[in-house]
**Q** 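Please read through the structure below; I'll follow up with questions.
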Amino acid sequence: GTTTDGTRVAPFYSALLQAAVDAAVPVQPVAIRYREADGAPSAAAAFIDDMSFADSLGQVLARPRLVAELTFGAPIWSADKSRRELAARCRTFILQALGLAAPVVVPCDPPAVRRAA
């Protein structure tokens, strides 16, 4: 899909996982975080909005040191999952690995229909 500035995880495009589902192979979720030389979070590697590749590369090369931290999750077997379920599980792992709160989905009943008395 895409990258963000590191403060959130964008929705996953489940269609990108269809090949894994069709082939019934495991998917390896990996969370990537970038840090400056002093350990502070860095958005230097973010490739977002209307940024050109040259602009993104320039930001990375301007840093004296940029640290990439990778956190590997357990492979997720795709054979018994839909691509949407697979995408949701990968995204949940990455949210947890990066310490970002997963969105809470609260089901609600449709509003009651008021009838004229």
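Position 1 is the first residue of the sequence; numbering continues from there. Quick caveat, the model's predicted, so the values are computed rather than measured.
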**Q** Looking only at side chains, do Gln59 and Asp55 share a donor and an acceptor under 3.5 Å apart?
**A**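 No, Asp55 and Gln59 have no side-chain donor paired with an acceptor closer than 3.5 Å.
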**Q** Which atom names give the shortest non-hydrogen contact between Ser42 and Leu66, and what distance separates them?
**A**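 Closest approach of Ser42 to Leu66: OG-CD1, 3.4 Å.
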**Q** In Å and rounded to the nearest 0.5 Å, what is the OG to CZ distance from Ser14 to Arg91?
**A**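 CZ of Arg91 is found 12.5 Å from OG of Ser14.
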**Q** Can you name the nearest heavy-atom pair linking Ile32 to Leu98, along with the distance?
**A**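 Looks like O-CD2, 4.0 Å.
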**Q** Do Val60 and Phe53 belong to the same hydrophobic cluster, where Ile, Leu, Val, Met, Phe, Trp and Tyr are linked whenever their side-chain heavy atoms lie under 4.5 Å apart, directly or via other members?
**A**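 No; tracing contacts between hydrophobic side chains, which count when under 4.5 Å, never links both residues.
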**Q** For the CZ atom on Arg63, are there more than 12 heavy atoms of other groups (residues, nucleotides or ligands in this structure) within a distance under 6.0 Å?
**A**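 Buried by this count: over 12 neighbours within 6.0 Å.
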**Q** Is there a side-chain contact between Pro29 and Ile76, using heavy atoms and a 4.5 Å cut-off?
**A**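 Yes, at least one pair of side-chain atoms sits under 4.5 Å.
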**Q** Rounded to the nearest 0.5 Å, what's the gap from OG on Ser56 to CG on Leu61? Could you check?
**A**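 Answer for the OG-CG pair, Ser56 versus Leu61, is 9.5 Å.
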**Q** Is there a continuous path of hydrophobic side-chain contacts, each under 4.5 Å between heavy atoms, that joins Leu100 to Phe93?
**A**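 Cluster IDs for Leu100 and Phe93 match.
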**Q** Can you measure from CZ (Phe12) to CG (Leu17) and round to the nearest 0.5 angstrom?
**A**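 That separation rounds to 8.5 Å.
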**Q** Measure the shortest side-chain to side-chain distance between Leu16 and Arg83 over non-hydrogen atoms and say whether it is less than 4.5 angstrom.
**A**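 Not touching, per the 4.5 Å side-chain cut-off.
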**Q** Looking only at heavy atoms, what is the nearest atom pair of Ala20 and Val27, with distance?
**A**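 Scanning both residues, the minimum pair turns out to be CB-CG2, 3.6 Å.
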**Q** Please report the shortest heavy-atom distance between Ser82 and Glu85, naming the atom on each side.
**A**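 For Ser82 and Glu85, the tightest heavy-atom pair comes out as OG-N, 3.1 Å.
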**Q** Mind listing the closest non-hydrogen atom pair of Met51 and Ala46 along with its distance?
**A**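 Where Met51 meets Ala46 most closely, the heavy atoms are SD-O, 3.3 Å.
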**Q** Say whether, by atom type as modelled, one donor and one acceptor occur between the side chain of Glu69 and the main chain of Arg33 under 3.5 angstrom.
**A**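 It does not hold such a pair.
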**Q** Whether the side chain of Ser78 engages the backbone of Pro26 through a donor-acceptor N/O pair (distance < 3.5 Å, no angle test) should be reported.
**A**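 Between the backbone of Pro26 and the side chain of Ser78 there is no qualifying donor-acceptor contact (under 3.5 Å).
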**Q** So which residues get pulled into Trp77's cluster when ILVMFWY side chains under 4.5 Å apart are joined, directly or through others?
**A**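 ILVMFWY cluster around Trp77 holds nothing else.
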**Q** Do Val21 and Leu86 have side-chain heavy atoms sitting under 4.5 Å apart?
**A**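 Touching, per the 4.5 Å side-chain cut-off.
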